[in-house]
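Data first, discussion second: the structure below is written as structure tokens.
Chain identifiers are assigned alphabetically (A, B, ...) following the order of the sequence lines, protein sequences preceding nucleic acid strands; residue numbering begins at 1 within each chain. This is a predicted model, so every value here is computed, not measured. Any value given below was found using the heavy atoms of this structure, including those in side chains, with hydrogens, waters and symmetry copies removed.
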Amino acid sequence: MSTEGIVFEIKRFAVHDGPGIRTTLFLKGCPLRCLWCHNPESISPHPQLAYYAHKCINCGECVSVCPEHAHAISLEKLHYFERRKCRSCGKCETACLGNALQLYGMRMTVQETLNAALEDRDFFGDDGGVTLSGGEPLLQADFCFEILTALKRQAIHTALDTCGQVKWKTMSMILNCTDIFLFDFKAANPQKHHKLTGSDNRQILENLQKLSDAGAEIEIRMPLIPALNDSDEDIHEAGKILSNLHIKSIKILPYHNMARSKYDALGMANKIPASSSQDNVNSLHAVEILRNYGLEIN
Amino acid sequence: MLSEQFKKDRPYLERKFKTQICNPATGLDNETLKSNLIRLTEELNGEPHELIKAKAFRYVCENLVIDVNPQDFFVCFGCWNRYDRPLSFLMSKWEDEVNKNCLKELKTLEEQNASGSSKMWKDFDHSVPDWEAVLSLGFPGLLERVKTYRRKCEADGKMGLDEKAYYEGLEITYAAILKMLDRFHLYALEHSDGNQRVKAVAACLDSLRKGAPSNIFEALQLIYLFFIFGEHIDRFQVRSLGNLDRMLYPYFQHDIAEGRYTEKEIRDFFAYFMMQWASIDNYWGHPFYFGGSKANGETEINDLSYLILDVYDQLDIPTPKLQIKIAANTPVKFIDKALDMIRRGHSSIVFLSENAIRRALLGQGCTEEEARTCVISGCYEFIPQGRGNGTCAGHINMLKPIELLFHNGRDPKTGISCGIKTGELSEFKTFDEFYKAYIQQLEHIIESVLKCANDFEKYLHRINPAQVYSGTIENSLKTAKDAFHNGSVYNISGILNAGFANAVDALMVIKDFVFEKHEVNLAEFRDILQANWQGHEKLRLKILNSKNKFGNGIESVDSFAEGLALFLANKINMRPNSRNGFFAASMHSARQFIELGEKTGASPDGRLAGEEISKNASPVMGMDKNGVTALIKSVTKIDSALFPGDFPLDVMMHPATVQGNEGLNAMRSLLKTYMDKHGIAIHFNIFDANVLLDAQKHPEKYEGLQVRVCGWNVRFNDIAKREQDEYIKRALSIKE
Ligand code: SF4
Ligand code: SF4
């Protein structure tokens, strides 16, 4: 229970992360680098300070609390942030009057995390529960394992949202204490997968196959990114692979580019594609193709 | 789907209560009618009010212009304007007389109201007729029953002058109603011009003037007629159209079985029926309710419930509004349909927990049966059917005691000393001392309100004898007492409040910033608030960002809130009122979260002077930062049974959260958990700031878009820019 992990968000009343009303724990760190990543704050395994410039009211409270002198107010009374000095201690986040600073990543013990996750226990009902998500939660495998087993011992429904890019032994370790896997599927073609995410999908498909063979409950999550992985060919290839597995359902995640401001706030370059009004139509089309493979679409 | 004929008639229906459309040849124009009424009632001066009013009522029935229009299934009365009713002048006149001659606490009342410590008025607007009696007896049967009780009173040797006036008033009133039905009937016969619909209306009226309704169309016509007689002519006596699905189901089954009407025709009746209230368009919405359980434990939801709900869905109107009593047996399919309507933002629906209501009513001495069959009225009030009369006698401003405390009992804006002297600020050395003084100020307001309410509520029946309403209430007939007065078995005076969450937050801020962190002392705080935070924006932001706010599931704050709620409830509940009944505390705020807010200066929780204060059991707008589950945890820490007047919660969510099946399931689970934790009423505002902003720019694209105010919805396009901005501000703070 004293194992620590780095959590960047605890979302209560999470409705779209598995069945029922859930609390989702977002863990930091991810092995993939998807071009369209919606959660740039999840990529690095370390805590990071985000600075939302548009919210800053130049009050200067951050300047007085920062031990590293990473904040300054100019002669024109404007606020400056020097990211390279920041050690992510979080002091300025608490002091900020404009809610312009947010620290992504808190160090928490298993016990603290469980306490937070179970705040809403009364709301879980018969089908809800706790979801571990990220980043890739299994990068913090021991932390996940302890949380999931503790939850199962209290008969709480558990879900793991994974990109699949971990060693099989890491995944098999949590198999018994995970009720449903929310498994990302980004591209069927290995080269394409590499182009889009920085890694091929060999390990991912292997893990998926093994989970399926083990009889795990699996929901596939397919982000559809305009012009990157939404061609008919892409979808047909996915359909072929998935129809040979035991998949409970597939969820299509239509693309949005609302994460842009987060990239700016974290001082990260964003390469995420623009969205278009066509996106919804494309996802409907994809649903149609997948249904023809006999797959259940959520 | 709505019928083509309905769509053609809809413009007429929308106009019906917005402009005079009756045939002028059928009676007197409203101005002449009113001046004749003034003359008539002056001639009657000196007679008991019951008789004066009954005779004036009769005069209206005999002389009001009328119409039976082929574009409608329901008749048309000439008193169409909701503000300007023929007998309003009598109420005003008698209220002035009562104020001048009878009230002992008028000065206190005026001072309390002016300072915004509380808001009190003589409330007639929350009574519901015994619909069972209305439907089973019809107008002729109701009149007969009055006569029977009159004879009984005589036989028992109990007939005094008051009793005589009471019965006579009722007889004149109900005889006048029957006479007016004759007028409608005759007019329909003479003007049908072969029109099938007008002929059908004539047949319906013929049946209603002879007895009780025998089919669903007659039952609906009767409810509508009763409403106009009780609410528009006799004034404020029909605060709910009743448990429509349950009451009307037997007629529905019978009509379908006999082949009298098809389902399609019945859908049409309901569309025209509901459009009457859509056209009247009272901003607070006129309610009807569904659901609950039968004595055998089965749900009251039936085929007709689905039918009416579906018609309501198609109509896209904020009034009438719908309340749904939920029990464990309520079908999921039905709840889901209602939830789906809510998340689309085009229907005014609130959910109430049958079990939580039961706890609250049993706590007031009601029986299981009375609790199970209770009426839902107003926004979400509940009261035993046919046996209870409720008023909303006063609203307490929970934030005002703090302002009074800072100024030693004096309201700084008006200079009125409506509080008590709790001492100089320098005398408060600890938070406990400060809180004790807050409680003293609060108690003083509560006592003033109860005293004033007891003073003016003695005269409700003198100001507005409720003859149409009393005629349906058996206990009133038995006791020969007006049902507004003490003619009901349960005569309950509700004491509402607004700003509960503001008070909790403000007190927490005083505790943290003054007595713990010593960032500011009380005298400085007083000056800062007097200056409406000017020059202290940093402190204000710090306070707004501080964590200890009600509605976030924070144990220490919630326990504190619970303690305050207990005190409030305990000082009000079951105290005797002057109508042979008692007071009941309510966590409802009606419009007073706006009006009392306007009269309240800046407050320690960071609120600016004049801004609205929190409503219902809900947190301060935007201060519930931990989401809806934390909110429900906080609110349900307070036992709703302590607020038998009402215990509603407002929940705001982003449309993305509740989209799809998952979203619908989540809404339903939330509803269930709230009710498992004994929450009484809950309503949802599902909105997206971007949509509201767009609606502000392009109102034409969002004609049907509604937002929920307190216990009612309004069309977003109909509210002032300032109020729209409040909603946008609120929507911006909702996380997906
Ligand atoms: S997180 Fe800590 S180190 Fe980084 S800017 Fe804020 S106060 Fe300074
Ligand atoms: S504390 Fe926040 S709002 Fe104030 S200057 Fe720093 S970043 Fe800006």
Side-chain angles (χ1 to χ4, degrees), chain A residues 9-24 38 55-62 64-65 93-102 115-129 131 157 159 182 219 249 251-254 256 258-259 280 283 296-298, chain B residues 332 343 536-547 552-555 558 606 622 624-634 636-637 651-679 686 690 732-736:
Chain A
E9 193 186 343
I10 296 175
K11 186 174 170 148
R12 294 163 74 169
F13 195 62
V15 170
H16 303 290
D17 296 336
I21 293 181
R22 314 187 71 81
T23 295
T24 303
H38 284 176
K55 290 192 184 171
C56 175
I57 55 169
N58 303 301
C59 70
E61 294 290 310
C62 50
S64 38
V65 297
E93 182 199 32
T94 328
C96 176
L97 293 182
N99 290 319
L101 298 169
Q102 192 172 352
N115 291 347
L118 292 179
E119 281 266 352
D120 279 357
R121 195 180 181 151
D122 291 355
F123 293 84
F124 295 161
D126 298 334
D127 43 2
T131 300
H157 185 276
L182 313 174
E219 178 181 290
S249 62
K251 192 167 179 166
I252 302 277
L253 308 173
H256 67 75
M258 290 182 315
N280 243 338
S283 48
E296 175 76 26
I297 315 295
N298 206 334
Chain B
V332 167
R343 70 177 171 172
H536 300 276
E537 194 54 20
K538 270 196 187 178
L539 178 65
R540 181 169 171 261
L541 284 172
K542 224 180 238 180
I543 286 172
L544 287 175
N545 289 339
S546 65
K547 293 224 154 36
N552 291 293
I554 300 169
E555 177 58 33
D558 296 348
D624 47 332
K625 293 178 184 164
N626 289 345
V628 59
T629 48
L631 167 63
I632 288 179
K633 254 180 142 172
S634 285
T636 52
K637 176 136 179 109
V651 168
M652 329 240 166
M653 285 191 288
H654 191 278
T657 305
V658 294
Q659 82 191 11
N661 274 340
E662 293 167 345
L664 202 63
N665 290 343
M667 279 175 96
R668 189 180 349 96
S669 303
L670 211 55
L671 178 67
K672 181 174 180 302
T673 311
Y674 177 68
M675 296 193 168
D676 285 348
K677 290 173 177 287
H678 299 139
I686 309 294
N690 293 324
L732 280 168
S733 72
I734 306 173
K735 288 195 209 130
E736 264 183 45

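Across H16(A) and E662(B), no two heavy atoms sit closer than the pair ND1-OE1, 2.6 Å. S669(B) and I21(A) get closest at one heavy-atom pair: CB-CD1, 3.4 Å. Across all their heavy atoms, T629(B) and F123(A) have their closest contact at O-CZ, 3.3 Å.
A side-chain contact (heavy atoms from CB on, under 4.5 Å) with N99(A) is found for exactly one of L544(B), N545(B), L541(B), namely N545(B).
Using a 4.5 Å cut-off between heavy atoms, N298(A) touches chain B through its side chain atoms alone. Neither the backbone nor the side chain of E537(B) comes within contact range of chain A; no heavy atom of the residue lies under 4.5 Å from a heavy atom of that chain. Residue L97(A) touches chain B through both its backbone and its side chain, counting heavy-atom pairs closer than 4.5 Å. If you measure heavy-atom distances from I10(A) to chain B, you find no contacts under 4.5 Å at all.
Residue-environment remark: NZ (K538(B)) exceeds the threshold of 12 foreign heavy atoms within 6.0 Å.
Between chain A and the options N661(B), L670(B), D676(B), the largest number of non-hydrogen pairs under 4.5 Å is found for L670(B). Between chain A and the residues V628(B), I632(B), T673(B), V658(B), the largest count of heavy-atom pairs under 4.5 Å involves T673(B).
Between the K672(B) side chain and the G125(A) main chain, no donor and acceptor come within less than 3.5 Å of each other.
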